[in-house]
Amino acid sequence: MREDGKIDYIEWPAGDLSATKAFYGQAFGWTFTDYGPDYAAFEGQGADGGFFHDPADVPAKPLVVLYAHDLEAMLAKVTAAGAAITKPIFAFPGGRRFQFTDPSGNELAVWSEG
């Protein structure tokens, strides 16, 4: 069961998505579910995650994604705690999320289903 504020997913940048998928498939036996030409998700590897390719918006480092049952309430909590919101709530296949930076500049995301 998913819990509020727990690490639920990790996204990695992928400059060459096809080569990245081929590497992890060959090296570790990972399989992927493609969500369009720029995103490939994986499950059951210790933590679920995905590889993201968008030349206009490639993150510099992995993005840790936390879970929230109530996305608006979690947005209010992180804002009150001092987070800087880098991407307001937006929809994506499978749910909605927002992204923020902590006081040290680490970027994280919080997502909710539906």
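Note that these values count all heavy atoms, side chains included, but never hydrogens, waters or copies made by symmetry.
- Closest of all the heavy-atom pairs between Pro37 and Leu17 is O-CD2, 3.5 Å.
- Partners of Phe42 according to the ring pair (Phe, Tyr, Trp, His ring centres under 6.0 Å) rule, which considers only residues two or more places apart in sequence or in another chain, are Trp12, Trp30, Phe51.
- Other residues, nucleotides and ligands place no more than 12 heavy atoms under 6.0 Å from the CD1 atom of Ile7.
- Remark: Glu72 pairs with Arg96 by the salt bridge (charged side-chain N to carboxylate O under 4.0 Å, His left out) rule, at least two apart or across chains.
- Screening residues 13-29 for side-chain hydrogen bond (donor to acceptor under 3.5 Å, both in side chains), with sequence neighbours left out, gives Lys21-Asp34.
- Partners of Glu43 by salt bridge (charged side-chain N to carboxylate O under 4.0 Å, His left out), not counting sequence neighbours: none found.
- A search for side chain to side chain contact (heavy atoms under 4.5 Å, CB included) contacts involving Thr101 returns Ala84, Thr86, Glu107, not counting sequence neighbours.
- In terms of heavy-atom proximity, Tyr35 sits nearest to Pro93 at CD2-CB, 4.5 Å.
- With sequence neighbours excluded, the residues forming a side chain to side chain donor-acceptor pair (under 3.5 Å) with Asn106 are Asp102, listed by chain and number.
- In terms of heavy atoms, Leu66 sits closest to Gly5 at CD2-O, 4.0 Å.
- Heavy atoms only, all atoms of each residue included: His69 and Ser112 are closest at O-OG, 3.5 Å.
- Considering only residues two or more places apart in sequence or on other chains, Ala83 meets the side chain to side chain contact (heavy atoms under 4.5 Å, CB included) condition with Val78, Phe100.
- Put simply, CG on Asp8 and CD on Glu113 are 8.0 Å apart, with the number rounded to the nearest 0.5 Å.
- Of all the heavy atoms in Leu63 and Arg97, the pair that sits closest is CD2-NH2, 3.6 Å.
- By the ring pair (Phe, Tyr, Trp, His ring centres under 6.0 Å) test, Tyr9 is found to be paired with no residue, residues two or more places apart in sequence or in another chain being considered.
- The nearest pair of heavy atoms linking Val110 to Leu71 is O-CD1, 3.5 Å.
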Inset, instruction - For side-chain contact (heavy atoms from CB on, under 4.5 Å), just list the numbers for Met74 and Tyr67, CA-CA rounded to whole Å, side-chain angles, deciding distance to a tenth of an Å, and then say yes or no. - result: CA-CA 9 Å; Met74 189 63 74; Tyr67 185 78; over 6 Å; no

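- Screening residues 22-32 for salt bridge (Lys or Arg N to Asp or Glu O under 4.0 Å), with sequence neighbours left out, gives no hits.
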